Amino acid sequence: MSIKEITIVNREKVVSFFKEHWGSTEMVISTGVYQCDTLDGFIFEGTNQIIGLVTYVIKDNEMEIISLDSLQEGKGIGSSLMKSVEYIAKQKKIQVVSLVTTNDNLNALKFYQKRGYRITSIIPNGVIKARSLKPSIPLIGHEGIPLNDELILKKIL
């Protein structure tokens, strides 16, 4: 198992991963509309397959994580990918890493807060607005929780 930077060599695997696990490569959140298959990031590979993936953008001296996926929870894949992103941020002298998650994603909230991320704001109806641009976003999220709001988390490095 290894972590590799997303490059032209593995970009097709990234496209396939997003289509299989997200339905498309497009991510719509309050900070913008992103084509995740074109973003910078890292993959975590095992037996020549992606089992974890993180993408990010840099804007206004802040690194924003756009997506983080781990197909095998509890094995350190997500943590390793986050460390890779934070390492790049430090190398680029970026002091803030941020991300957006949804009100239903309790596992993500627990994961990020354990790693030093703090909820800095809530965007009421953020998911509802995103759904107007991407109607395939479901109405109901994890554990039957209505999918309505976005939460912004940040970590100062």
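Values in this document were obtained by computation on a predicted structure and should not be read as measured data. Values below: all heavy atoms of this structure, side chains included; hydrogens, waters and symmetry mates excluded.
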What closest approach, in Å, do F18 and C36 show between heavy atoms, and which atom pair accounts for it?
CZ-CB, 3.3 Å

All heavy atoms of I6 vs all of D40, minimum pair found to be CD1-C, 4.4 Å

Please tell me whether W22 and I137 are part of a single hydrophobic cluster in this structure, the criterion being side-chain heavy atoms less than 4.5 Å apart.
no

I'd like to know if the side chain of E150 reaches the main chain of S30, judged simply by a donor and an acceptor atom lying under 3.5 Å from each other, with no hydrogens or angles considered.
yes

Rounded to the nearest 0.5 Å, the CD1 atom of I58 sits from the NZ atom of K92 at a distance of 5.0 Å

K154 side chain reached by I156 side chain, heavy atoms, under 4.5 Å
no

So, does D37 use its side chain to make a donor-acceptor pair with the main chain of E12 at under 3.5 Å?
no

If you count heavy atoms of other groups shown closer than 6.0 angstrom to NZ of K13, is the number above 12?
yes

Go through it in stages, so that I can follow the logic: the residues are D149 and N125, the test is side-chain contact (heavy atoms from CB on, under 4.5 Å), and I'd like the CA-CA distance, side-chain angles, deciding distance and then a yes or no.
CA-CA 5 Å; D149 310 312; N125 301 317; 4.3 Å; yes

Non-hydrogen side-chain atoms of T31 and K59 separated by less than 4.5 Å
yes

Rounding to 0.5 Å, atoms NZ (K90) and CG (L157) come to a distance of 5.5 Å

Checking the side chain of Q113 only, and the main-chain atoms of L109 only, is there a donor and an acceptor separated by less than 3.5 Å?
yes

Same hydrophobic cluster for I88 and I3, using side-chain heavy-atom links shorter than 4.5 Å among ILVMFWY?
yes

Could you tell me the separation between the CD1 atom of I145 and the CG atom of L139, rounded to the nearest 0.5 Å?
14.5 Å

Single-linkage hydrophobic cluster, 4.5 Å side-chain cutoff, F42 and Y117 together:
yes

So, does T55 use its side chain to make a donor-acceptor pair with the main chain of S67 at under 3.5 Å?
yes

Establish whether L153 and F111 are linked, either directly or via other cluster members, by ILVMFWY side-chain heavy-atom contacts under 4.5 Å.
yes

Whether the side chain of S121 engages the backbone of I152 through a donor-acceptor N/O pair (distance < 3.5 Å, no angle test) should be reported.
no

Closer than 3.5 angstrom, by distance alone: can the side chain of D104 be matched with the main-chain N or O of H142 as a donor-acceptor pair?
yes

Check: S79 and R115 side chains under 4.5 Å, non-hydrogen atoms:
yes

N103 side-chain N/O to P146 backbone N/O, donor-acceptor pair under 3.5 Å
yes

Compare all side-chain heavy atoms of F17 with those of I43 and state whether any distance is below 4.5 angstrom.
no

V100 versus L151: any side-chain heavy-atom pair under 4.5 Å?
no

Answer yes or no: does atom CZ of R118 have more than 12 heavy-atom neighbours from other residues, nucleotides or ligands under 6.0 Å?
no

Compare every heavy atom of L81 with every heavy atom of L53, then report the nearest pair and how far apart it is.
N-CD1, 3.3 Å

To the nearest 0.5 Å, what is the distance between NZ on K155 and CG on L99?
11.0 Å

Once rounded to the nearest 0.5 Å, what's the spacing between atom CG of L39 and atom CD1 of I65?
12.0 Å

Return the minimal non-hydrogen interatomic distance between M63 and V85, and the atom names on each side.
SD-CG1, 3.2 Å

Check this for me: Q35, atom CD, are more than 12 non-hydrogen atoms of other residues, nucleotides or ligands nearer than 6.0 Å?
yes

Are the side chains of E64 and Y34 in touch, meaning some heavy atoms are under 4.5 Å apart?
yes

Which residues share a side-chain contact (heavy atoms from CB on, under 4.5 Å) with V33, sequence neighbours left out:
E26, V28, L133

Are M27 and V127 connected into the same hydrophobic cluster when the rule is that any two of I, L, V, M, F, W, Y join if their side-chain heavy atoms are below 4.5 Å apart?
no

Does K4 use its side chain to pair, donor to acceptor, with the backbone of E45 at less than 3.5 Å?
no

Nearest heavy-atom neighbours spanning P124 and K129:
O-NZ, 4.2 Å

Determine whether V14 and I50 make a side-chain contact, defined as any pair of heavy atoms from C-beta on separated by less than 4.5 Å.
yes

Using every non-hydrogen atom in the two residues, find where R131 and L147 come nearest and quote the distance to one decimal.
NH2-O, 2.9 Å

pair M82-Y112: side-chain heavy atoms closer than 4.5 Å:
yes

